[in-house]
Amino acid sequence: MRTANITIDPAALTHNLTQVKKRAPNAKVLAMVKANAYGHGVAAVLPALKQADGIGVATFTEALEARQLGWDKAIGLVEGVFSADEWQQAIDQACSCVIHHAPQLNWALENVPAADSPALQVWLKYNTGMNRLGFDEKTVIEAAQRLHDAGYHLILTTHFANADNRDHPLNATQIQRFSDMLKYLQQHITPNVEGSLCNSAGIVNFSEHHHDWVRPGIMLYGSSPVIDQSADDLNLRPAMEFSARIMAMHIVNTGEAIGYGSRWTAEQDTRTALVSIGYGDGYPRVISDDAYVCIVDANSNISYHCPIRGRVAMDMIVVDLSAAPVDIALDSKVVLWGTMPHVDEVASHAGTIGYELLCRLSARPKRA
C-alpha cells in the first residue's frame, strides 16, 4: 500500500503553548487554529491547546467545527462575519467577532447579544499600517463609542506587517499608533477597553507590548515566526512529522539523468530510492538542489541525510542513497519534515515559508 503519513505530536503543541505563556505571562492567549490548524487538523490539536483562553478561526465554518468537537471556551472570528445572518449564527454559537468595517458594525448594532453572551465581546480592528482590514483613526473612535454605548465589551486589536523583522521601522509606528489609540479609548470611552497587538512574531520580538491578549499562530506548531532565530533557538518543537516510505531502489549509471526535464545527471554510478511522496501530497515541486530528506534505518534507528535528485513529481521523488547503508531496506521510513529536516528548512529550499507548506498539504496523506 502506498504510504504517506502526517503524524501530530500533542505534547509538542502543549510545550509550545507553554512557551507562549512563559513569554507573555500576564496576557490571555487566543490560539490560532485557522486553516485547519495550519494544516495540522483542528481535531488533532484542540485537546493539546486546552490551556489557551480561546481559539482564533478565520471562518464561521471553522468555528462551528470547533464547537462540534466540544470546544467550550472562547472562539474569536478573526475576519469577523460576512453577513447579517452569519452575525446571528455567531451569537448562537457564542463566538466573539472582529469588527473591521462599517457593514459589520451595523450588523452588531442592529442585533445586540444578550448581556451574558460571549458575543458581547468584540475585537475592534484598527488599521495601524498593515492596510488590509480595519478602521482608520477617526472611524475607529466613532465605532468604539457606538459599540460601547450599545453595551459591547471592546478589545482593540491590530496586526503587524513586519513583526518578524524586529528592526523594521514600521513596527515602531504601528506600536505607537496602537498604544496612543488604546490610551485614548480608555480615557475617553471606558477604562475597560482591552488591547491585543501581538501575533507570534510580536510575542517574541515585543515583550513590552503584549497587552491583554496575545494571538499565537505558527509558533504553536513549532516553527519560528522571526527571521533571526530558529525554532530551536526559541525552544519550540515541531508538532508535525510528514513522512513516506521507500517504494523502490535503483542504480543510476554515470551520465544518466533523473526525472522530468533531466535536471540532475549522475557523475558516478549512484544508488537511488524512489519515495512515495510528491506535490500531489503537498511536498513542494520547486525546490533547490540543497533539499534533502532523512531516511531512518529500521535496524539501528539512525537517520541518514539523503539529497533529493531531479524534479519532484506528483506522486514520487528520487533521493540519493550514497550516505545510507548499502543494506537500507525497502519500505524504510523517509522523513520529509519533522525534527529534521525542519519544515522551515524545507521552506527555505522552496523559496517560501513554513506556513505555506503546512497549510497546503493535500488530503491524500494518511493522518495519524
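Start at 1 with the first residue, then count along the sequence. Not measured: the values here are computed from a predicted model.
- Under the 4.5 Å side-chain heavy-atom criterion for grouping Ile, Leu, Val, Met, Phe, Trp and Tyr, I6 is connected to L49 within one hydrophobic cluster.
- No donor-acceptor pair closer than 3.5 Å links the side chain of R215 to the backbone N or O of L30.
- Ring geometry for H101 against W107 counts as perpendicular: the plane angle is over 60°, on a 0 to 90° scale with 30° as the lower cut.
- For the atom pair OG of S117 and CD1 of I91, the computed distance is 6.0 Å after rounding to the nearest 0.5 Å.
- When only modelled atom types and interatomic distance are considered, Q88 and D92 share a side-chain donor-acceptor pair under 3.5 Å.
- A side-chain donor from one of H153 and E194 sits under 3.5 Å from a side-chain acceptor of the other.
- In terms of modelled atom types and a separation under 3.5 Å, the side chain of H342 and the main chain of G222 share a donor-acceptor contact.
- Nearest heavy-atom pair across A150 and L109 is CB-CD2, 3.9 Å.
- Within the 3.5 Å criterion, the main-chain N or O of E256 finds no donor-acceptor partner in the side chain of N253.
- By the side-chain contact (heavy atoms from CB on, under 4.5 Å) test, H168 is found to be paired with N162, N165, L170, N171, residues two or more places apart in sequence or in another chain being considered.
- Applying the side-chain contact (heavy atoms from CB on, under 4.5 Å) test between Q229 and each of D232, V226, I227 identifies V226 as the sole match.
- Under the 6.0 Å cut-off for aromatic ring centres, F135 and H100 do not qualify, their centroids lying 6.0 Å or more apart.
- Using a distance-only test at 3.5 Å, with no hydrogens or angles considered, no donor-acceptor pair links the side chain of T14 to the main chain of A11.
- Using a distance-only test at 3.5 Å, with no hydrogens or angles considered, no donor-acceptor pair links the side chain of T265 to the main chain of A257.
- Ring pair Y184/H188 is parallel by interplanar angle, where below 30° counts as parallel and above 60° as perpendicular.
- Side chains of R311 and V286 form no contact here, defined as non-hydrogen atoms less than 4.5 Å apart.
- No donor-acceptor distance shorter than 3.5 angstrom exists from the side chain of Y152 to the backbone of R146, with no hydrogens or angles considered.
- How far CD1 of I141 is from CD1 of I189: 7.0 Å, rounded to the nearest 0.5 Å.
- Rounding to the nearest 0.5 angstrom, the gap separating the OG atom in S179 from the CD atom in E208 is 9.5 Å.
- Considering only heavy atoms from C-beta on, V20 comes within 4.5 Å of V214 through its side chain.
- Considering all non-hydrogen atoms of both residues, A31 and A52 come closest at CB-CB, 4.0 Å.
- Taken together through direct or relayed side-chain contacts under 4.5 Å among Ile, Leu, Val, Met, Phe, Trp and Tyr, L46 and V29 form part of one hydrophobic cluster.
- The 12-atom threshold is not exceeded at CG of N301, counting heavy atoms of other residues, nucleotides or ligands nearer than 6.0 Å.
- Side-chain contact of N131 with N127: a donor-acceptor pair under 3.5 Å is present, judged by distance alone.
- D289 and R263 are joined by a salt bridge, as a carboxylate oxygen and a charged side-chain nitrogen come within less than 4.0 angstrom of each other.
- A donor and an acceptor atom, one from each side chain of Y292 and E345, are located under 3.5 Å apart.
- P10 is not listed as a side-chain neighbour of P47, based on a closest heavy-atom distance of 4.5 Å or more.
- For the atom pair CD of E356 and SG of C359, the computed distance is 8.5 Å after rounding to the nearest 0.5 Å.
- Looking at S223 and D344, their side chains do bring a donor and an acceptor atom within 3.5 Å of each other.
- Between A4 and S276, the shortest heavy-atom distance links the atoms CB-O, 4.0 Å.
- Judged by distance alone, the side chain of D320 and the main-chain N or O of S322 form a donor-acceptor pair under 3.5 Å.
- With respect to D136 and R177, no salt bridge is recorded, no charged nitrogen being found less than 4.0 Å from a carboxylate O.
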Legend entry - Check against side chain to side chain donor-acceptor pair (under 3.5 Å), E110 and N106: CA-CA 6 Å; E110 291 165 359; N106 292 334; 5.4 Å; no

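- For residues 53-80, there are no side-chain hydrogen bond (donor to acceptor under 3.5 Å, both in side chains) pairs, not counting sequence neighbours.
- Clustering ILVMFWY residues whenever any of their side-chain heavy atoms sit less than 4.5 angstrom apart, transitively, puts I353 in the very cluster that holds L220.
- Shown here is Q187, whose CD atom has more than 12 heavy atoms of other residues, nucleotides or ligands within 6.0 Å.
- Inter-residue side-chain proximity for L154 and L147 is flagged as met; some heavy-atom pair is nearer than 4.5 Å.
- Summarising the local packing, CZ of F82 is surrounded by more than 12 heavy atoms from other residues, nucleotides or ligands at distances under 6.0 Å.
- Taking the six-membered ring where the residue is Trp, the centroids of F160 and F206 are separated by under 6.0 Å.
- Put simply, the side chain of L120 reaches to within 4.5 Å of the side chain of V112, judged on heavy atoms.
- Here the side chain of T272 pairs no donor or acceptor atom with the backbone of V319 at under 3.5 angstrom.
- Of all the heavy atoms in G217 and M32, the pair that sits closest is CA-CB, 3.8 Å.
- Side-chain contact between P216 and S200 is present, with at least one heavy-atom pair separated by less than 4.5 Å.
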Legend entry - Trace of the side-chain contact (heavy atoms from CB on, under 4.5 Å) decision for L124 with V122: CA-CA 6 Å; L124 181 60; V122 293; 5.5 Å; no

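- For the atom pair L197 CG and L156 CG, the distance stands at 9.0 Å (nearest 0.5 Å).
- Scanning both residues, P307 and R309, for their nearest heavy atoms gives CG-NH2, 3.5 Å.
- To the nearest 0.5 Å, the span separating CD1 on I302 from CD1 on I328 amounts to 10.0 Å.
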Inset, instruction - Apply salt bridge (Lys or Arg N to Asp or Glu O under 4.0 Å) to the pair R2 and D281, showing each step before the final yes or no. - result: CA-CA 12 Å; R2 184 180 189 274; D281 303 283; 2.8 Å; yes

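- Proximity of I317 to L336: side-chain heavy atoms (C-beta onward) are separated by under 4.5 Å at one or more points.
- The closest side-chain heavy-atom distance from I203 to H210 is below 4.5 Å.
- For H349 (side chain) and V346 (main-chain N/O), no donor-acceptor pair under 3.5 Å exists by modelled atom type.
- For V204 against P225, the heavy-atom pair with the smallest separation is CG2-CG, 4.0 Å.
- At least one donor-acceptor pair under 3.5 Å links the side chain of Q186 to the backbone N or O of V193.
- Residues Q145 and D149 bring a donor and an acceptor atom of their side chains to less than 3.5 Å of each other.
- In the model, S196 has no side-chain atom that pairs as donor or acceptor with a side-chain atom of W123 under 3.5 Å.
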Inset, instruction - Step by step, work out the side-chain contact (heavy atoms from CB on, under 4.5 Å) result for Y355 and Y221. - result: CA-CA 10 Å; Y355 300 70; Y221 305 99; over 6 Å; no

Legend entry - Check against side-chain contact (heavy atoms from CB on, under 4.5 Å), H305 and M340: CA-CA 9 Å; H305 289 50; M340 186 177 295; 3.1 Å; yes

